[in-house]
Amino acid sequence: MNRITAVLFVLAALVLAACSTPSSRIASNRAAFDQMSPDARRLIEAGRIDIGFSPEMVTLALGEPAHRFMRKSTTGDTEVWVYHDNKPEISIGIGGVSAGRHSAVGGGLGISSGGYDPDEKLRVEFSGGKVVTIDYHHS
């Protein structure tokens, strides 16, 4: 049983280490963060963004986007960042088999740091290196 506990502990630690939070991103980029305005710092710490933010500020607040692409229009080129709702998931499975006088029972635990989720939660558009549009998607 100790081996199973150790494996579960290692898996949980790996999932938590993979999770990026505003606090961990700020700690990794403290010098840049400290140069920002107090209002921008408060939003970033809360994991929020605003019009006029730079790509660096958005990355500090939200992390890396799931997708990036360029959009051309009559008003000019914009870079679009798309964020998905990637929540960690835990699943548990139990199974059993019986064959003659022998039987077996097994179980498993799966932990995911998110992964692909087709539900877009946020789209951010940049023009001239600044956020010009923020689209929030509600499901």
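Note that the coordinates shown come from a computational prediction; the quantities given were computed from them, not determined experimentally.
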side-chain hydrogen bond (donor to acceptor under 3.5 Å, both in side chains) partners of [X], counting only residues at least two apart:
{"X": "S37", "answer": "none"}
{"X": "R71", "answer": "E125"}
{"X": "R41", "answer": "none"}
{"X": "D77", "answer": "K72"}

Worked check of side-chain contact (heavy atoms from CB on, under 4.5 Å) between F53 and I44:
CA-CA 10 Å; F53 270 31; I44 291 168; 3.8 Å; yes

With rounding to the nearest 0.5 angstrom, report the [atom1] to [atom2] distance, [X] to [Y].
{"X": "D39", "Y": "D50", "atom1": "CG", "atom2": "CG", "result": "9.0 Å"}
{"X": "L60", "Y": "E45", "atom1": "CG", "atom2": "CD", "result": "10.5 Å"}
{"X": "I134", "Y": "I51", "atom1": "CD1", "atom2": "CD1", "result": "4.0 Å"}
{"X": "Y136", "Y": "L122", "atom1": "OH", "atom2": "CG", "result": "6.0 Å"}

Taking the side chain from [X] and the backbone from [Y], do they hold a donor-acceptor pair closer than 3.5 Å?
{"X": "Y83", "Y": "G63", "answer": "yes"}
{"X": "R25", "Y": "T59", "answer": "yes"}
{"X": "R48", "Y": "A61", "answer": "no"}

Holding to side-chain contact (heavy atoms from CB on, under 4.5 Å), I want the full list of residues that pass it with S28, two or more places apart in sequence or in another chain.
none

V132 with M57, same ILVMFWY side-chain cluster at under 4.5 Å
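No: no chain of side-chain contacts under 4.5 Å links V132 to M57.
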
If we ignore angles and hydrogens, is there a donor and acceptor under 3.5 Å between the side chains of E120 and H137?
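Distance-only check passes for E120 and H137.
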
Are a donor atom and an acceptor atom from the side chains of S23 and T21 found within less than 3.5 Å of each other?
no

For V82, what are the other residues in its hydrophobic cluster, where any two members join if their side-chain heavy atoms are less than 4.5 angstrom apart?
F69, V80

If you group Ile, Leu, Val, Met, Phe, Trp and Tyr whenever their side-chain heavy atoms sit less than 4.5 Å apart, what else falls in with M70?
none

My understanding is that only residues two or more places apart in sequence, or in another chain, count here; which of them pass salt bridge (charged side-chain N to carboxylate O under 4.0 Å, His left out) with E56?
none

Grab the two heavy atoms, one from G47 and one from P22, that are nearest each other, plus how far apart they are.
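Scanning both residues, the minimum pair turns out to be CA-CG, 3.8 Å.
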
Heavy-atom closest pair, residues P55 and G129:
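Of all heavy-atom pairs spanning P55 and G129, the closest is CD-O, 3.2 Å.
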
Quick one, L62 and I49 - any side-chain contact, counting heavy atoms below 4.5 Å?
yes

Ring pair (Phe, Tyr, Trp, His ring centres under 6.0 Å) with F126: which residues, sequence neighbours excluded?
W81

